[in-house]
Amino acid sequence: MSRSVRPVQAGTPAVAAVLALALTLTACDGGVRGTPGGSGLGGVRDPYFPKAGNGGYDVGHYGLTLSYDPGNHRLTGEAVITARATEDLSAFDLDLKGLDVRDVTVEGRPARFDRAGQELTIRPHDDLDKGETFSTTVRYSGTPQTITDPDGSEEGWLRTADGALALGEPTGSMAWFPGNDHPSDKASYDVTVTVPKGLQAVSNGELRSERTTGNRTTFTWHTAEPMATYVATLAVGHYDITRPALKSGLPAYVAVDPTQTEESRTVLAKIPEIMEWAETNFGPYPFSSTGAIVDRHDDAGYALETQNRPVFPGAPDTWTLVHELVHQWYGDSVTPKTWQDMWLSEGFATYAEWLWEEDHDGDTVQQTFDAVYDGDLDYFDDAEKAKAIWAFPPAKPSGAAHVSDRPVYERGAMVLHKIRQKVGDDAFYDIVQGWAAAHRHGNANTADFTAYVEKMAPDKDFDAIWSDWLYGEGKPAHR
Ligand code: TRP
Ligand code: ZN
């Protein structure tokens with residue numbers, strides 16, 4: 001079995017540079033009036049969340065300066081959003097839910113704005129030309145909201161026992177900052193957060209500074225690598241901080257609610273080992289730091305692969321820790337283009353759990369695959385859940401309420417195993433590592449994936465796997 005870390009050619013920055021230049025050159029047509037950029041990416045690009053995200057621009061950087069007081073639940077923020085217009089624009093939308101907007105400027109000049117639902121529509125003083133990079137500043141404040149997803153789970157801004165926790169999947173980032181809240185528009189971030197002295201503020205990326213002035217402390221976090229809004233996080237509260245050492249020298253920052261420290265010690269001690277194992281299997285880690293945030297059990301209803309450091313409600317088990325850490329490769333670095341492509345994230349993270357088992361004297365992936373296929377109750381808690389994985393094909397969730405249902409996870413993992421059965425272990429690891437490298441820090445959809453697999457194994461026929469396992473309704477007739 002070949003599991004060595006192999007460098008694979010990543011991305012094509014040269015092509016991107018040429019495209020950016022071409023866009024700049026076509027943008028000089030002075031007198032043409034721009035048109036509004038449109039709210040939502042529209043039904044074509046994301047049928048599951050048509051209002052999420054906005055057309056007409058591409059964000060490069062979010063600079064957020066926030067202050068939060070858990071005593072009165074009040075958030076005050078200034079968001080400086082640097083973006084490039086992808087068409088001539090007379091107006092554009094940001095997503096923002098709740099909160100009061102005090103003022104907006106574009107390129108330093110006051111801009112008119114209005115609000116309707118989650119859309120903050122901004123009319124810059126001067127039209128924006130296609131290709132132009134522009135900076136928008138939004139000053140806002142208020143009591144951030146908890147959002148209930150189509151599937152009933154809670155996200156956005158969650159009040160915790162001793163502070164708050166911001167979770168963004170699928171559309172929760174708009175509860176705490178204005179932005180282009182869609183996985184297809186990734187950006188770098190600088191997040192500065194001021195909280196009452198004695199509390200900590202933990203976000204993505206690396207901690208650049210921590211300063212106390214009077215009775216308030218300011219934390220500055222920097223995320224250099226592109227990040228989707230749904231994996232941006234902020235945790236405010238009391239945390240025990242550790243910085244475990246990794247052999248690779250990668251910085252780690254682990255924040256644990258003090259009531260969870262005892263319970264989570266053993267499992268969190270596995271982070272270095274899991275990271276090493278994951279790099280062996282999936283290739284070089286895509287980010288500049290790792291870690292975890294552990295809050296209390298009741299603080300959130302699920303774990304989330306927030307970039308650099310996943311969030312867990314209470315001490316995770318080893319599988320959940322493996323799952324969320326492997327999401328950093330598949331989900332955070334290679335991000336689904338739309339919510340329909342979620343299986344590319346959850347299928348890989350689930351497959352990683354099965355692989356971890358196989359590599360640590362547990363069941364082989366084949367045994368797990370068979371157990372899932374047979375509805376074995378050693379794998380599922382009950383027969384209902386065992387059946388639920390056949391409810392829809394992984395590449396076609398039946399609506400927004402179902403993008404995080406079981407078929408996206410287990411059936412997604414089963415697709416990967418069918419590929420492994422077809423090509424053998426050597427080619428399989430080349431494919432999963434190559435996929436992570438080819439779309440590192442980018443976005444990809446299901447068609448990109450099937451094309452990639454076919455390119456990597458041109459002598460094999462994948463048609464039946466795609467038609468039965470990826471796109472086919474119901475339970476495939478044969479394992
Ligand atoms: N992505 C999370 C995980 O499996 C699960 C999750 C939480 C989720 N909230 C969601 C998935 C909303 C889709 C939509 O690690
Ligand atoms: Zn997951």
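Indexing begins at 1, ligand by ligand and atom by atom, following the structure's order.
For A278, the side-chain contact (heavy atoms from CB on, under 4.5 Å) partners two or more places apart in sequence, or in a different chain, are F282, V326, W329. Every residue two or more places apart in sequence or in another chain that forms a side-chain contact (heavy atoms from CB on, under 4.5 Å) with P183 is listed here: Y230, T335, W339. Partners of S173 under the side chain to side chain donor-acceptor pair (under 3.5 Å) rule, at least two apart in sequence or in another chain, are D181.
Here the side chain of D190 pairs no donor or acceptor atom with the backbone of H222 at under 3.5 angstrom.
Defined by atom type and a distance below 3.5 Å, a donor-acceptor pair is missing between the side-chain atoms of T171 and D95.
One of the N, O or S atoms belonging to E346 lies under 2.8 Å away from the Zn ion (ligand 2).
Checked against the 6.0 Å centroid threshold, W469 and F369 count as a close aromatic pair. For an aromatic pair to be called close, the ring centres must be under 6.0 Å apart, and H439 with W435 satisfies this.
For H327, the N/O/S atom at the shortest distance from the Zn ion (ligand 2) is named NE2.
Contact residues for ligand 1 (protein heavy atom closer than 4.0 angstrom to any ligand atom): E169, P170, Y302, A303, L304, E305, H323, E324, H327, M342, E346, S404, Y409.
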